[in-house]
4 protein chains.
Amino acid sequence: MVNRVILIGNLGKDPEVRSLENGAMVAKFSLATGESYRDKEGNWQEQTEWHDIIVWRAVAERAEKSLKKGMTIYLEGKLTHRTWQDKDSNNRKTTEIVADYFRIVKNSSGANGASFPSEKDDPNNRNNVSNVSDAPMPTASEELPVTADDDLPF
Amino acid sequence: MVNRVILIGNLGKDPEVRSLENGAMVAKFSLATGESYRDKEGNWQEQTEWHDIIVWRAVAERAEKSLKKGMTIYLEGKLTHRTWQDKDSNNRKTTEIVADYFRIVKNSSGANGASFPSEKDDPNNRNNVSNVSDAPMPTASEELPVTADDDLPF
Amino acid sequence: MVNRVILIGNLGKDPEVRSLENGAMVAKFSLATGESYRDKEGNWQEQTEWHDIIVWRAVAERAEKSLKKGMTIYLEGKLTHRTWQDKDSNNRKTTEIVADYFRIVKNSSGANGASFPSEKDDPNNRNNVSNVSDAPMPTASEELPVTADDDLPF
Amino acid sequence: MVNRVILIGNLGKDPEVRSLENGAMVAKFSLATGESYRDKEGNWQEQTEWHDIIVWRAVAERAEKSLKKGMTIYLEGKLTHRTWQDKDSNNRKTTEIVADYFRIVKNSSGANGASFPSEKDDPNNRNNVSNVSDAPMPTASEELPVTADDDLPF
DNA sequence: TTTT
DNA sequence: TTTT
């Protein structure tokens, strides 16, 4: 089974961050994606979707440090649905995207908003993390340049 | 803005298909994705997510013809959320995935269930459609093999 | 079978656009994706991947009009590989991404480079196109607001 | 920058697995994705793409244990290109997909080839790994059911 | 060849 | 609640 969501959108507010009793950090925020289209009168209409995003642990810590209302971010995650009963015993359903990766596409403020944020601002990104699990991770004494093709056993 | 969902899962039932007054066809079905994990006692637990899928027009027609309860399919689409009020004037929210592409990964029945279904069973797939918009679409008199690289102006 | 590529990166040059004899338009460009990482001395290193992108027909026309060297774009497409023989009869292989969708994430110039480009600048985007095939597309006399849930036959 | 590839296809051979001097395991295999289309005579043609896949470390170990020629798998990864010079000093380019996740969609043999393989056969999958990093991971004494919404601090 |  |  595969369950994968990819979004680029804007944060409606700063993330809300909490810690559970077991120490795990959680962050939640809303992300707006939208599309513009012309209606039959030729006027631009905006159809905005607000997605509820939840992130855990290291991703939540990174969200707390780096995400602010108004930013545009890229994220990947999975769709989860929870069913519960409200005070009138009606069945209610909540849908959230559990994101396991995000990166900032654009800061909202003018400051460095004009630039695609460098990954240097974003040290815990998946690419670096991936280096741990995907790459040979040479020790200092046997550093292999990525292009050192001859060192590969193929 | 980007809003993209990718799922592989099983149909809970045959699709429900309807036509609107304007002639547009709509189909809906539920798709289960799941993951297994060991709980603290070491027993396998299954966490199933049921997603509400909706497809329109040509995709709905193809769904009606080809999709059956129990099949495993791959699909791509976008997440949409609608807010409405129930009889008690509570705000309720419904989340659906509007799929613009699907393909069968496995038939549920034993018949040809063992084989990855051929695209020959699936003539309206995106790849064929893409040929219309993505490829040179040569006329009969100037058919270009895909490998006829020399005919390309680069 | 599924073959899907998703990239966000920068254009190395303006697209090269050509028309085939059959009238089909083709555009090609290179897209850089990169990741930064610290090397063992703690210096930032950049690992850039240059991807060859090819787009056809309507997507090529849109690329010609809207894409410029230095822009950051999001795209989706598929991986294709072609094998050919060079002048020394060596087998050579070329890999290209045939993109069927793109959207501008950031203009390179200062002008409106600070803003996430509106879809209003981007009328041929997939979302609009999707409206044609995914939505009921009501006629003027029976316009249905997207939220007019009651009009749906479910 | 984002660089993401999603494939469902068939393994051309068993993976080739090696260990580097630093102990890192590497596995390589070819994956075929294809699409069928009718040519102008109305005959079915098959266009197969063969992708070179490379996986590292834990993913490579899992590939060695579980992947066999003929299986259909889903994978996610990133595109990488390497440039090198052949014996005639020609610049040559090699494209590989560095996969960071895969799962078996269909076994090739008749044995349990008819069923979508359970994640129970696939213990090192991303979903389980994600549980480690994405979920609260309660200790035994404070186990929280996934639906125990009231225990979350929102 | 881009970008930070 | 964002953004254009």
Side-chain angles (χ1 to χ4, degrees), chain A residues 7-16 28-38 43-53 67-75 103-123 125 127, chain B residues 1-3 81 83 91 93, chain C residues 7-16 28-38 43-53 67-73 75 103-123 125 127, chain D residues 1-3 81 83 93:
Chain A
L7 300 176
I8 300 180
N10 301 314
L11 274 88
K13 303 189 203 165
D14 291 0
E16 279 185 75
K28 287 191 172 187
F29 53 93
S30 292
L31 197 75
T33 62
E35 52 185 286
S36 299
Y37 62 93
R38 271 186 208 279
N43 301 315
W44 282 108
Q45 299 294 338
E46 180 80 24
Q47 178 67 24
T48 299
E49 300 289 344
W50 282 101
H51 306 96
D52 291 329
I53 314 295
L67 294 186
K68 294 287 171 212
K69 171 179 171 174
M71 282 179 171
T72 304
I73 66 169
Y74 168 94
L75 67 78
R103 58 170 289 125
I104 298 168
V105 168
K106 195 179 71 61
N107 286 318
S108 47
S109 67
N112 71 336
S115 61
F116 196 93
S118 163
E119 306 216 20
K120 294 170 193 173
D121 304 331
D122 185 357
N125 66 74
N127 292 323
Chain B
M1 310 307 206
V2 169
N3 175 348
H81 314 281
T83 315
N91 281 326
K93 201 174 165 189
Chain C
L7 301 177
I8 300 181
N10 301 314
L11 274 87
K13 303 189 202 166
D14 291 358
E16 281 185 74
K28 287 191 173 186
F29 53 93
S30 292
L31 196 76
T33 62
E35 53 184 286
S36 300
Y37 61 94
R38 270 187 208 278
N43 301 315
W44 282 108
Q45 299 294 337
E46 180 80 23
Q47 178 67 22
T48 299
E49 300 289 343
W50 282 101
H51 307 96
D52 291 329
I53 314 294
L67 295 186
K68 293 288 170 210
K69 171 179 172 174
M71 282 179 171
T72 304
I73 67 171
L75 67 78
R103 59 169 287 124
I104 298 168
V105 169
K106 195 179 69 64
N107 286 317
S108 48
S109 68
N112 72 337
S115 61
F116 196 91
S118 164
E119 308 216 17
K120 294 169 193 173
D121 304 330
D122 184 358
N125 66 75
N127 292 323
Chain D
M1 311 306 208
V2 170
N3 174 348
H81 314 281
T83 316
K93 201 174 166 189

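Below, read A as the first sequence line, B as the second, and so on, with proteins coming before strands; counting in each chain starts at 1.
A heavy-atom distance below 4.5 Å is not found between the side chains of A/N10 and A/K106.
Looking at heavy-atom distances under 4.0 Å, C/K13 makes contact with a base.
Side-chain atoms of C/K106 lie closest to E/dT4 of the nucleotides F/dT2, E/dT4, F/dT4. Of all nucleotides listed (E/dT3, F/dT1, E/dT1), F/dT1 comes nearest to the side chain of A/S30.
Atom P of nucleotide F/dT1 and atom NZ of B/K93 are separated by 14 Å, given to the nearest angstrom. The CD1-C1' distance, from C/I53 to E/dT2, rounds to 13 Å in whole Å. We find that CG of A/N107 is positioned 12 Å from P of F/dT3, with the value rounded to whole Å. In this entry the distance linking NE2 of A/H51 with P of F/dT2 reads 17 Å, nearest Å. As a whole-Å value, the separation of A/E49 CD from F/dT4 P is 19 Å. In this structure, the CD1 atom of A/I8 is 13 Å from the C1' atom of F/dT3, given to the nearest Å. Rounded to an integer number of Å, the gap from A/I73 CD1 to F/dT3 P is 14 Å. Atom CG of C/D52 and atom P of E/dT1 are 14 Å apart (whole Å).
To the nearest 0.5 Å, atom CZ of residue C/F29 and atom CD1 of residue C/I73 are 4.0 Å apart.
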C/H51 and D/N3: CA distance, side-chain angles, deciding distance, side-chain contact (heavy atoms from CB on, under 4.5 Å) verdict
CA-CA 10 Å; C/H51 307 96; D/N3 174 348; 3.6 Å; yes

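Paired with C/T72 under the rule side chain to side chain contact (heavy atoms under 4.5 Å, CB included), one option of C/V105, C/N107, C/L11 passes, and it is C/V105.
The stacking criteria are not both satisfied for A/W50 over the base of F/dT2, which would need a centre-to-centre distance under 5.5 angstrom and an angle between ring planes under 30 degrees.
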